[in-house]
Amino acid sequence: MSEAPPQLELTPSRTFPSWLANSGSSLAFTTYQAGKVFFIGTNREEGKLSIFERTFNRCMGLGVHERRLWLSSLYQLFRFENFLDEGQQQGDYDAVYVPVEARTTGDVDIHDVHPYRDGRQPIFVVTRFNCIATFDERNSFAPVWIPPFIDRLAAEDRCHLNGLAMKDGEPAYVTCVSKTNVSGGWREHRMGGGVIVSVPDGKIIAEGLSMPHSPRLYDGQLYVLQSGVGEFGRINLETGAFEKLCFLPGFARGLTFLGRHAIIGVSRPRAEKTFEGLALDDRLKEQGISSRCQLAVVNLDTGDIEHTLEIDGVVQELYDVGALPGIVRPQAIGFKTDDIRFVIRPAKTLRS
């Protein structure tokens with residue numbers, strides 16, 4: 001008799017729903033392992049979590065710009081627009097994200113995605129080609145920048161450039177697992193070869209990191225995850241030192257902010273070479289705990305993990321997390337049902 005497929009369970013800590021409701025916002029997160037994007041909001045009347053999910057093959061990077069979302073998938077980058085105006089509702093939902101555009105990039109392993117300049121186009125990390133890029137009219141993508149230690153554009157994932165921090169709509173910093181210039185060379189430097197590179201001048205501002213991910217500038221501070229050791233902290237921009245804020249019980253990827261809290265994606269590492277032998281394993285053994293899959297809400301002033309959303313069952317790994325300020329209960333339209341045929345929003349004025 002075959003075993004039943006694993007179910008999905010999302011279990012909030014006692015204070016997570018009230019914290020999210022009081023923030024007046026909602027969250028979204030992606031899991032490429034399960035091919036899902038989840039929207040986590042609250043039900044105004046019941047005070048409980050609202051959970052909505054859609055399926056997109058190998059979805060990873062999640063970029064938020066006002067009422068717009070960008071979502072990377074296996075070989076396409078989607079643009080979603082919220083079809084509801086401010087104050088408008090559809091049933092109990094105050095946002096309906098509809099995929100209105102899909103650019104075919106090919107399987108280039110897009111990681112972080114952010115709005116670029118005025119937000120009309122995205123800028124994204126093309127990990128397979130060791131660069132950051134944007135859209136191009138005729139090509140799969142248009143490279144914007146490559147690290148100075150990479151000698152040419154090549155589909156070789158040489159340094160595992162994975163994360164991008166933005167400042168005023170422009171790329172500011174990237175994270176790389178190493179500064180190697182040979183195909184797949186980063187895999188031999190996962191323990192302490194990670195670097196953060198300043199995009200404007202190409203200088204390495206921090207090094208000796210273990211699999212850094214998700215660099216983000218927030219309130220004048222550069223925050224980053226050290227996934228290989230399970231740490232969240234910030235970079236001292238004067239000295240380049242990593243200043244730890246807290247330990248996380250798993251492989252951390254995905255970082256966003258609401259007020260004085262960081263929301264971080266935490267995953268259970270896979271049993272494969274990319275995740276083997278990391279200091280994270282020893283840290284978990286020292287604490288006598290197993291790795292977890294969760295959203296961790298960290299107080300930026302104390303480093304305390306104040307709230308969590310535990311994720312069990314079919315979902316074991318997360319990639320990105322996004323905050324949706326001012327939206328309490330979002331939903332999205334996907335492609336597995338006929339709903340998308342009947343969601344229509346014409347422009348309100350004629351164009352000459």
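Numbering of residues begins at 1 and proceeds along the displayed sequence.
- Leu318 places none of its side-chain heavy atoms less than 4.5 Å from the side chain of Val266.
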Carefully, step by step, assess His307 and Thr15 under the rule side-chain hydrogen bond (donor to acceptor under 3.5 Å, both in side chains). CA-CA 6 Å; His307 321 283; Thr15 56; 2.6 Å; yes
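- Between Phe251 and Pro269, some side-chain heavy-atom pair lies under the 4.5 Å cut-off.
- Taking every heavy atom of both residues into account, Val315 and Ala34 meet most closely at CG2-CB, 3.9 Å.
- Between His65 and Trp70, the distance separating the two ring centers is not shorter than 6.0 angstrom.
- Between Ile340 and Pro99, the shortest heavy-atom distance links the atoms CD1-CG, 3.9 Å.
- Proximity of Leu161 to Thr127: side-chain heavy atoms (C-beta onward) are nowhere separated by under 4.5 Å.
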Query - Evaluation steps, side-chain contact (heavy atoms from CB on, under 4.5 Å), between Ile132 and Phe124 - result: CA-CA 6 Å; Ile132 54 178; Phe124 44 93; over 6 Å; no
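- With hydrogens and angles ignored, the 3.5 Å screen pairs a side-chain donor or acceptor of Asn82 with a backbone N or O of Val96.
- Aromatic pair Phe52/Phe38: ring centres not closer than 6.0 Å.
- With rounding to the nearest 0.5 angstrom, the CG atom of Leu71 is 7.5 Å from the CG atom of Leu77.
- Using modelled atom types, no side-chain atom of Ser210 and backbone atom of Gly192 make a donor-acceptor pair closer than 3.5 Å.
- Looking at Arg68, its side chain does come within 3.5 Å of a backbone N or O of Gly119 through a donor-acceptor pair.
- How far CD1 of Ile235 is from CG of Leu237: 8.0 Å, rounded to the nearest 0.5 Å.
- Although no hydrogens or angles enter the test, the distance criterion places a donor-acceptor pair under 3.5 Å between the side chain of Ser214 and the main chain of Gly254.
- A donor and an acceptor atom, one from each side chain of Glu243 and Asn236, are located under 3.5 Å apart.
- Using a cutoff of 4.0 Å between basic side-chain nitrogens and carboxylate oxygens, Asp92 and Arg329 are scored as salt-bridged.
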Legend entry - Evaluation steps, side-chain contact (heavy atoms from CB on, under 4.5 Å), between Leu258 and Leu27: CA-CA 10 Å; Leu258 281 174; Leu27 302 171; 4.0 Å; yes
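- Of the residues listed (Ile150, Val174, Leu153), the one engaging Cys131 in a side chain to side chain contact (heavy atoms under 4.5 Å, CB included) is Leu153, and it is the only one.
- By the neighbour-count criterion of 12 heavy atoms within 6.0 Å, atom CD of Glu188 is sparsely surrounded, having that number or fewer from other residues, nucleotides or ligands.
- Here the CG atom belonging to Leu300 is positioned 7.0 Å from the CG atom belonging to Leu245, to the nearest 0.5 angstrom.
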Check the pair Asp219 / Arg234 against salt bridge (Lys or Arg N to Asp or Glu O under 4.0 Å), numbers first and verdict last. CA-CA 12 Å; Asp219 279 352; Arg234 53 185 167 238; over 6 Å; no
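- Aromatic rings from His160 and His111 are positioned such that their centres are separated by under 6.0 Å.
- The CD atom of Glu231 sits 8.5 Å away from the CG atom of Leu248 when rounded to the nearest 0.5 Å.
- With 3.5 Å as the limit, one finds a donor-acceptor pair spanning the side chains of Asn181 and Arg158.
- Ser198 places no side-chain N or O within 3.5 Å of a backbone atom of Tyr173 that could act as its donor or acceptor partner.
- A donor-acceptor contact under 3.5 angstrom links the side chains of Asn162 and Thr175, judged on distance only.
- With hydrogens and angles ignored, the 3.5 Å screen pairs a side-chain donor or acceptor of Gln316 with a backbone N or O of Gly313.
- Between Ala172 and Pro200, the shortest heavy-atom distance links the atoms O-CD, 3.4 Å.
- For Phe80 and Phe56, the ring centers are positioned less than 6.0 Å apart.
- No more than 12 heavy atoms of other residues, nucleotides or ligands sit less than 6.0 Å from atom CZ of Arg120.
- Geometrically, Arg253 does not engage Tyr319 in a cation-pi contact defined by less than 6.0 Å to the ring centre and at most 45° from the axis.
- Ile40 is listed as a side-chain neighbour of Ile51, based on a closest heavy-atom distance under 4.5 Å.
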- Would you sort out whether Lys348 and Asp85 count as a salt bridge (Lys or Arg N to Asp or Glu O under 4.0 Å), showing the intermediate values? CA-CA 12 Å; Lys348 295 181 179 179; Asp85 293 326; 3.1 Å; yes
Might you work through the side-chain contact (heavy atoms from CB on, under 4.5 Å) test for Ser13 and Trp19, ending with a clear yes or no?
CA-CA 10 Å; Ser13 62; Trp19 166 79; over 6 Å; no
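- Residues Val199 and Pro171 share a closest heavy-atom pair of CB-O, 3.7 Å.
- When the shell of 6.0 Å around NZ of Lys48 is examined, it contains 12 or fewer heavy atoms from other residues, nucleotides or ligands.
- No side-chain donor-acceptor contact under 3.5 Å links Thr31 and Glu317.
- Taking the ring centroids of Phe257 and Tyr223, they lie under the 6.0 Å cut-off.
- The closest side-chain heavy-atom distance from Thr30 to Lys36 is not below 4.5 Å.
- No hydrogens or angles considered: a donor-acceptor pair under 3.5 Å links the side chains of Gln294 and Glu310.
- The main-chain N or O of Leu49 is never found under 3.5 Å from a side-chain atom of Thr42 such that the two would form a donor-acceptor pair.
- Shortest non-hydrogen contact noted between Leu222 and Ala165 is CD1-CB, 4.2 Å.
- Put simply, the side chain of Thr55 does not reach to within 4.5 Å of the side chain of Val37, judged on heavy atoms.
- A donor-acceptor contact shorter than 3.5 Å links the side chain of His114 to the backbone of Leu164.
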Walk me through it: do Ser25 and Leu324 pass the test side-chain contact (heavy atoms from CB on, under 4.5 Å)? CA-CA 6 Å; Ser25 303; Leu324 307 175; 5.8 Å; no
(request) List the steps and the verdict of salt bridge (Lys or Arg N to Asp or Glu O under 4.0 Å) for Glu81 and Arg345. (result) CA-CA 10 Å; Glu81 295 289 344; Arg345 177 186 165 98; over 6 Å; no
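- Note: Tyr97 and Phe83 fail the aromatic proximity criterion, with ring centroids not under 6.0 Å apart.
- The shortest heavy-atom contact between Arg268 and Ser291 is NE-O, 3.3 Å.
- Under a 4.0 Å N-O distance rule, the pair Asp320/Arg216 qualifies as a salt bridge.
- Here the straight-line distance linking atom CZ of Phe242 with atom CG of Leu209 works out to 7.5 Å at 0.5 Å rounding.
- You'll find the side chain of His213 stays beyond 4.5 Å of the side chain of Gln226, heavy atoms only.
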